[in-house]
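Fair warning: this is a prediction, and the values are worked out from it, not measured in the lab. Below, chain A is the first sequence line, B the second, and so on; all start at residue 1.
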Amino acid sequence: MDGILIDIGHSQEGDQSYIDLYIRGKKLEVIHEAFDPYFYFDGPKPAGGGIKKAEKEGKWWKVTVASPSDVPKVREQLKKQGSIYEFDIPYTQRFLIDRDVVPLKPYHWQEGGGRVKVSEANVPYAPTTVAFDIETYNPRGMPDAEMDPIVMISTYGKSGRVYTWKDIRLPFVKSYSSEKGVIEAFLKDTSEDIIYTYNGDNFDLPYLKKRMEALGISEDTLGKVSIRAGMRGMKARIAGRTHFDVYRGMMFLARIGALKLPRYTLEDVYKEFTGKEKLDIDTKYLWKIWDSGTREQLEELATYSFQDAEATYELGEHLLPLYTALSQMINQMPFDVSRMSSSQVVESLLMKMAFKRGEHFPNKPGEGQFKARVNKPVKGAFVRQPKPGLHNDIAVLDFRGLYPSIIISHNIDPSTLNAEGCSSYYKAPTGQRFCKDRIGLIPEMLKRVTGKRAKIKVLLKKEKEGTRRWKQLYAEQQALKIAANSTYGYMNFARARWYSHDCAEATTAWGRKYIKQAAAEAEKRGFKVIYGDTDSVFLLRGGKSKGEVMKFLADYNDSLPEEMELEFEGFYPRGIFVTKKGGIAAKKRYALIREDGQVEIKGLEFVRRDWSQLAKKTQQQVIQLVLEGKAEEAKQLVRDMIGRVRRGEVPLDDYIIKTQLKRNIGKYASTGPHVRAAMRLKEAGEDVKKGAVIEYIVVEGAGKIGDRSYPVRILGSRKPDKEYYISHQLLPAVMKILSELGVTQGELLGEGKQTGLWRWAPGE
DNA sequence: TACCAGAGGAG
DNA sequence: AAATCCTCTGGTA
């Protein structure tokens with residue numbers, strides 16, 4: 001049979017455990033595969049209840065049990081007599097690693113003798129996909145699945161529709177007589193392999209399951225829905241399918257830094273990826289529309305719901321190639337992968353590699369060990385003191401994949417660290433020695449990952465952008481990049497199996513050594529180095545040509561280990577490095593202009609969300625003008641803006657300051673302005689929790705800033721404090737830049753027009 | 001003026 | 001459920 005693996009489960013017959021492989025070929029088939037749960041034991045010959053078999057494998061016992069649920073009690077018994085290993089690898093995940101079965105990959109599956117054989121098959125089979133979204137009746141705020149019905153279910157995919165139990169006459173709406181009719185029709189029609197939801201783990205699926213129970217609807221047509229508590233909220237699994245929660249996927253991208261948004265609502269994320277706005281209704285009053293809405297309102301509700309399903313589908317399709325690639329890279333189901341952290345991805349990859357190398361996995365740390373690791377910080381990167389002011393003709397160079405390349409080049413691994421009796425060693429600046437005789441697990445993994453990624457990038461260049469093949473290759477290199485970039489963090493992650501404080505220390509120490517060395521070599525060539533952070537060097541070309549920069553790069557790279565490379569990042573005609581309060585140049589805060597006029601701003605107020613648009617937009621314009629050499633225009637712009645603020649010509653939105661609540665209101669030791677604003681929101685009856693981004697304005701009046709910080713939504717007739725915004729937002733942001741050119745605040749405020757501002761304007 | 005708590009960006 | 005380096009504001013004494 002040819003097909004792809006879309007889900008994996010487990011069943012039991014007597015004392016034999018089976019893996020259930022859900023294979024989608026022409027139709028969905030389930031293959032039962034006998035597979036014994038096992039773990040390792042170092043101690044006397046194991047005996048006792050629950051043990052099916054114990055045989056010596058190397059120096060340890062391989063202990064086989066009848067069922068995965070037997071593992072906990074057997075391991076607790078044996079733990080008293082010796083050491084146990086690999087006892088906490090989930091049964092189905094263990095199967096995928098051991099048999100090297102790759103999810104969603106076309107195979108020829110051959111059953112026989114109780115053991116399925118997989119071989120490459122060239123069936124061009126792609127999983128079918130659909131998105132769904134439910135709307136619920138909510139007269140008391142949050143709907144209660146015990147009593148509040150589902151009023152609508154929308155689906156979107158190859159086909160799509162809205163199922164509802166009111167008479168709504170739109171082409172994509174199908175009306176039924178009851179909630180039960182709606183759910184049953186939805187279940188009957190929905191047979192796709194991959195089901196996308198937006199936050200379905202925490203809402204749509206648990207809610208649907210409860211409604212099905214309440215209405216006595218069987219799960220058979222969909223597949224058994226199981227809701228389990230995970231580390232980060234609920235996980236909703238549908239047997240025989242892949243439930244892909246797009247919201248989870250987006251949060252993963254956010255955590256690894258591939259996506260950065262102020263909020264991750266479906267509307268916001270959809271706009272970010274597609275540029276399209278979708279119809280948004282205030283779902284707080286959904287129940288009112290359902291009870292007594294006009295025909296138009298009900299149609300709008302159906303349209304909104306349908307668009308939610310469509311947006312979820314589009315985003316799901318966008319993410320699927322990446323999750324397929326990640327899934328295939330580590331031999332784990334997309335369901336699990338989409339709910340992993342980047343460290344879990346790395347760990348899965350290491351387990352797969354370790355199994356191939358015939359090595360055992362270290363155990364996860366206990367709580368005591370975990371705490372000890374957390375309390376052992378690792379010294380990080382080197383940041384060079386910048387040369388402040390305006391500079392011309394800057395060249396930026398940076399190390400490609402600095403930490404991964406260092407780990408490979410110096411064979412940094414827990415197994416090579418200070419290993420005894422090796423013929424030679426790499427010596428870290430911190431004193432650790434890494435054996436050269438045999439490649440370590442982590443360097444080997446990284447070498448394969450970076451090597452494969454380089455090959456894929458070559459293929460990618462030959463492919464036409466946007467094609468199916470291109471998307472697949474792009475996703476594959478993206479998955480490999482995620483693995484490579486997360487590996488250093490993984491080594492230093494306190495819960496990691498392959499944690500090593502010394503390996504992490506050595507890696508960053510070599511990083512500091514190389515970046516300083518690169519700067520020193522550039523200086524030897526006659527370049528002036530003005531800045532550098534972690535893996536980058538900023539040079540002044542001075543009178544030298546671009547060719548001389550490239551020549552320096554080539555020569556310096558010849559001196560580096562093979563896997564390491566200092567790359568050319570770009571030439572910048574101008575750049576400005578600003579000075580901080582104390583009078584010295586600030587690290588991590590600068591702006592550059594590219595040869596094509598594109599401005600890049602780092603660390604300054606403009607890129608920070610906790611500054612008002614007034615300050616941010618003006619700073620951006622000032623930076624642009626200054627880098628274009630138009631300082632006088634920049635000064636005039638600021639004078640004009642001050643005038644507009646004073647005359648009340650600036651829109652209210654430009655005064656909004658956004659700050660995230662990092663903890664719940666009661667947990668703050670000191671209450672800053674955003675906390676005060678959040679407290680006011682709460683008094684007004686809003687649900688304000690940790691994670692909320694508080695939008696507030698500092699209004700006119702007396703007292704501390706906090707006394708005058710009001711959330712936009714309950715602003716009423718209060719007016720922004722113009723002088724606060726001039727002296728504490730606008731001026732600090734623009735003076736950062738202009739004071740580098742010798743401009744004073746007085747020049748901007750206008751001679752002779754002394755105002756009360758002078759007394760409390762921030763000093764220079 | 002010195003210090004702390006808190007937020008958020010860079011790489 | 002990655003870790004570190006760094007800046008800056010507002011509040012307090």
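- At least one donor-acceptor pair closer than 3.5 Å links the side chain of A:Q660 to the backbone N or O of A:G691.
- Residues A:D653 and A:Q613 have side chains not in contact (no heavy-atom distance under 4.5 Å, counting atoms from C-beta outward).
- In this model, the phosphate group of C:dT9 is not approached by any side-chain N or O of A:Y724 to a distance below 4.0 Å at OP1 or OP2.
- Here the nucleotide nearest the side chain of A:S343, chosen from C:dA2, B:dG9, C:dT9, is C:dA2.
- Between A:K602 and A:K588 the shortest side-chain heavy-atom distance does not fall below 4.5 Å.
- When heavy atoms are screened at a 4.0 angstrom cut-off, A:G489 is found touching base atoms of the nucleic acid.
- Remark: P of C:dC8 and NZ of A:K616 are 16 Å apart, rounded to the nearest angstrom.
- One can place CE of A:M491 at 12 Å from C1' of C:dA2, the figure rounded to the nearest angstrom.
- In the model, A:Q729 has a side-chain atom that pairs as donor or acceptor with a side-chain atom of A:S612 under 3.5 Å.
- You'll find that the side chain of A:K587 is closest to C:dC6, out of C:dC6, C:dA1, B:dG6.
- Within the structure, a side-chain polar atom (N or O) of A:K260 is placed less than 4.0 Å from OP1 or OP2 of B:dG9.
- Summary of the strand contacts: A:V383 and A:Y490 both lie near DNA chain C, and taking for each the nucleotide with the nearest heavy atom, the more 5' one is attributed to A:Y490.
- Straight-line distance from the CG atom of A:L604 to the P atom of B:dG9: 12 Å, rounded to whole Å.
- When distances are taken from the side chain of A:D535 to each of C:dA2, B:dG11, B:dA7, the shortest belongs to B:dG11.
- The interatomic distance linking A:Y531 (OH) with C:dT7 (P) rounds to 9 Å, in whole Å.
- Nearest to the side chain of A:N492, among B:dA5, C:dC8, C:dA3, sits C:dA3.
- Nearest to the side-chain atoms of A:K602 among the listed nucleotides B:dG11, B:dG8, C:dC5 stands B:dG11.
- Distances shorter than 4.0 Å separate some side-chain N or O of A:Y668 from OP1 or OP2 on B:dA7.
- Atom CD1 in A:I665 sits roughly 17 Å away from atom C1' in B:dA5 (whole-Å rounding).
- At a cut-off of 3.5 Å, with distance as the only test, no side-chain donor of A:Q369 or A:Y499 sits close to an acceptor on the other residue.
- Here the nucleotide nearest the side chain of A:K580, chosen from B:dA10, C:dT7, B:dA7, is C:dT7.
- Side-chain N/O atoms of A:K736 include one lying less than 4.0 angstrom from OP1 or OP2 on C:dC8.
- Computed from coordinates, the A:Y488 OH to C:dA2 P distance equals 14 Å when rounded to whole Å.
- A donor-acceptor contact shorter than 3.5 Å links the side chain of A:R339 to the backbone of A:F335.
- Within residues 692-709 of chain A, the residues having any heavy atom closer than 4.0 Å to DNA chain C are, in order of number, A:K704, A:I705, A:G706.
- Taking the side chain of A:A669 as heavy atoms from C-beta on, and the options B:dA10, B:dA5, C:dC8, the nearest nucleotide is B:dA5.
- Between A:R609 and B:dG8 there is a side-chain polar atom (N or O) within less than 4.0 angstrom of OP1 or OP2.
- Taking atom CZ on A:F370 and atom P on C:dA2, their separation rounds to 10 Å, with Å as the unit.
- Taking only side-chain atoms of A:H674, from C-beta outward, the nucleotide of B:dA7, C:dA3, C:dC6 with the closest atom is B:dA7.
- Rounded to an integer number of Å, the gap from CZ of A:F606 to P of C:dC8 is 18 Å.
- Of the listed nucleotides (C:dC5, B:dG8, C:dC8), C:dC8 has the atom at the smallest distance from the side chain of A:A586.
- For the pair A:D413 (side chain) and A:S415 (backbone), a donor-acceptor distance under 3.5 Å is present.
- Taking 4.0 angstrom as the limit, A:Q344 places none of its side-chain polar atoms (N or O) nearer than this to OP1 or OP2 of C:dA1.
- Remark: A:D398 engages no residue in a salt bridge (Lys or Arg N to Asp or Glu O under 4.0 Å) (not counting sequence neighbours).
- At the phosphate of B:dG6, OP1 or OP2 sits under 4.0 Å from a side-chain N or O atom of A:R663.
- Counting only heavy atoms from C-beta on, A:D610 has its side chain closest to B:dG8 among C:dT4, B:dG8, C:dA2.
- Remark: A:K376 does not engage A:D502 in a salt bridge, criterion side-chain N to carboxylate O under 4.0 Å.
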